[in-house]
K.L.:
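Structure provided below as structure tokens; questions to follow.
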Amino acid sequence: MQLPAVPGAVGLSLAAFPVSCALNSIAALAHPVAIAVMGVLVLLLLFSMVYLLGEGSRSQDPLFYVFTVFSFTSVIDLIIALEEDGYISGFMEFYMKEGEPYLRTAYGIMICYWDGIVHYLLYLAMIIAITQRKNYRTLGLYWLGSLMMSVVVFLPGNMLGKYSSEIRPSFLLNVPYILIPIWAGMRLFSQPKSLPCCTAEKVVAEQQRSLYQRPLDLGLILFLLVAATFTFFRGLVVLDCPSDSCFNYIYQYEPYLRDPVAYPKVQMLVYMFYVLPFFCLGIYGLLRPGCTWLPDWALVFAGAVAQAQFSHVGSSLHHRTPYPYRTPEEVWWIFLLTNILYALGPHLLAYRCLHSPGFFQPAAPTGQDGIKKHQ
């Protein structure tokens with residue numbers, strides 16, 4: 001039989017509560033190797049259950065199984081975050097001690113909240129879309145950027161920060177979060193786009209408008225210029241630039257960038273080496289018509305920046321961050337306003353690309369249009 005879409009996924013994900021509670025009560029799991037082996041067995045069992053229950057539908061999208069199992073792990077992450085913040089207890093204590101102790105950090109808690117809430121809702125939405133044979137490419141690209149950003153910051157941060165000596169075999173449970181998104185991304189990019197239909201005349205008219213006739217694009221370009229400058233500046237800050245402006249910024253506005261856990265440093269370097277080039281490419285795409293790649297990558301980077309900013313801002317203010325590295329209360333409003341605007345910009349760019357995609361579509365052959373007009 002076919003696994004029901006929402007009830008099946010929700011039921012499987014909610015099973016995370018009794019499963020984690022049962023595992024927490026087994027004393028034999030107090031060894032790091034035992035925890036890693038049990039984690040692998042649980043994931044294999046979940047994949048097997050979802051595959052066997054959905055085997056009747058041979059045409060089912062294989063990402064259906066991925067999203068269903070990942071919804072289970074999202075609830076596990078939400079349990080971890082809630083337990084570490086003191087809202088619940090008795091579920092994941094064993095895993096925190098001998099599995100992945102770095103999840104006790106402010107950054108670890110924040111990415112668990114994001115995975116347990118935002119990713120979980122995205123999984124449910126994409127599962128519904130798959131079962132109803134609807135296009136979920138837009139949601140998928142946003143999820144892809146968000147998940148990949150958390151991986152490329154979290155894993156290097158674990159190996160470079162003060163928790164590098166506490167890496168256990170359970171660290172290998174993160175490998176699927178590296179390999180599966182790569183495969184899923186290839187499938188998502190190969191799916192047909194679901195953009196509003198634009199006639200050839202509308203595409204030509206849109207692409208012939210000058211920048212001054214496109215005030216939204218002009219505003220987005222100005223934002224991208226400011227965001228690129230700010231990204232480069234924060235990259236210099238974490239690279240210990242000796243200038244007075246960098247020194248004042250890291251001590252007065254974002255002391256979290258000095259936290260020895262290394263996550264903020266890695267985050268700023270990822271911004272500098274990956275997001276900064278995208279901002280430059282975004283400016284190019286808004287100036288030169290026909291950049292068909294921009295709508296897709298705008299979605300990916302919108303998801304990436306959203307996840308990164310949530311985790312970074314939350315960690316900067318969280319009580320698990322040592323007091324000397326927390327954002328001072330007197331600059332909270334500047335810090336929050338700056339980082340919210342930084343996260344909002346890529347979303348406005350993605351909305352611009354999806355809402356009015358004519359500027360980014362290839363121009364129709366003028367010869368064919370002329371023949372049709374004469375006929």
K.L.:
Determine whether Y271 and F279 satisfy the following criterion, side chain to side chain contact (heavy atoms under 4.5 Å, CB included), listing intermediate values before the conclusion.
P.N.:
CA-CA 10 Å; Y271 275 159; F279 285 157; over 6 Å; no
K.L.:
For the residue pair W143 and F70, categorise the inter-ring angle as parallel (less than 30°), tilted (30 to 60°) or perpendicular (more than 60°).
P.N.:
tilted
K.L.:
Under the 3.5 angstrom rule, does the side chain of D115 hit a backbone N or O of Y120 as a donor-acceptor pair?
P.N.:
no
K.L.:
Under the salt bridge (charged side-chain N to carboxylate O under 4.0 Å, His left out) rule, what do R214 and E206 come out as? Steps first, then yes or no, please.
P.N.:
CA-CA 9 Å; R214 296 179 283 125; E206 182 73 16; 5.7 Å; no
K.L.:
Assess whether a salt bridge exists between R320 and E84, defined as any Lys/Arg side-chain N lying under 4.0 Å from an Asp/Glu carboxylate O.
P.N.:
yes
K.L.:
List, one per line, each side-chain donor-acceptor pair under 3.5 Å for residues 285-295, sequence neighbours excluded.
P.N.:
from : atom 1 : to   : atom 2 : distance (Å)
R288 : NE     : Y284 : OH     : 3.3

K.L.:
Are E254 and Y256 close enough that a side-chain donor and a side-chain acceptor fall under 3.5 Å?
P.N.:
no
K.L.:
Where does the angle between the aromatic ring planes of Y253 and Y249 fall among parallel (under 30°), tilted (30 to 60°) and perpendicular (over 60°)?
P.N.:
parallel
K.L.:
Apply side chain to side chain contact (heavy atoms under 4.5 Å, CB included) to T338 and F230, showing your working.
P.N.:
CA-CA 10 Å; T338 302; F230 185 56; 3.6 Å; yes
K.L.:
Side chain to side chain donor-acceptor pair (under 3.5 Å), that's the test. Do N158 and Y263 meet it? Break it down for me.
P.N.:
CA-CA 8 Å; N158 295 334; Y263 302 120; 2.4 Å; yes
K.L.:
Evaluate the ring planes of Y251 and F247, with Trp represented by its six-membered ring, and classify them as parallel (under 30°), tilted (30 to 60°) or perpendicular (over 60°).
P.N.:
tilted
K.L.:
If you look only at pairs with a residue in residues 314-341, which of them pass as a ring-ring contact (aromatic ring centres under 6.0 Å, His included), with sequence neighbours excluded?
P.N.:
none
K.L.:
Ion pair present between D296 and R137, side-chain N to carboxylate O less than 4.0 angstrom?
P.N.:
yes
K.L.:
Would you call the rings of Y351 and H355 parallel, tilted or perpendicular, taking 30° and 60° as the class edges?
P.N.:
parallel
K.L.:
Do Y113 and D77 have a side chain donor and acceptor closer than 3.5 Å?
P.N.:
no
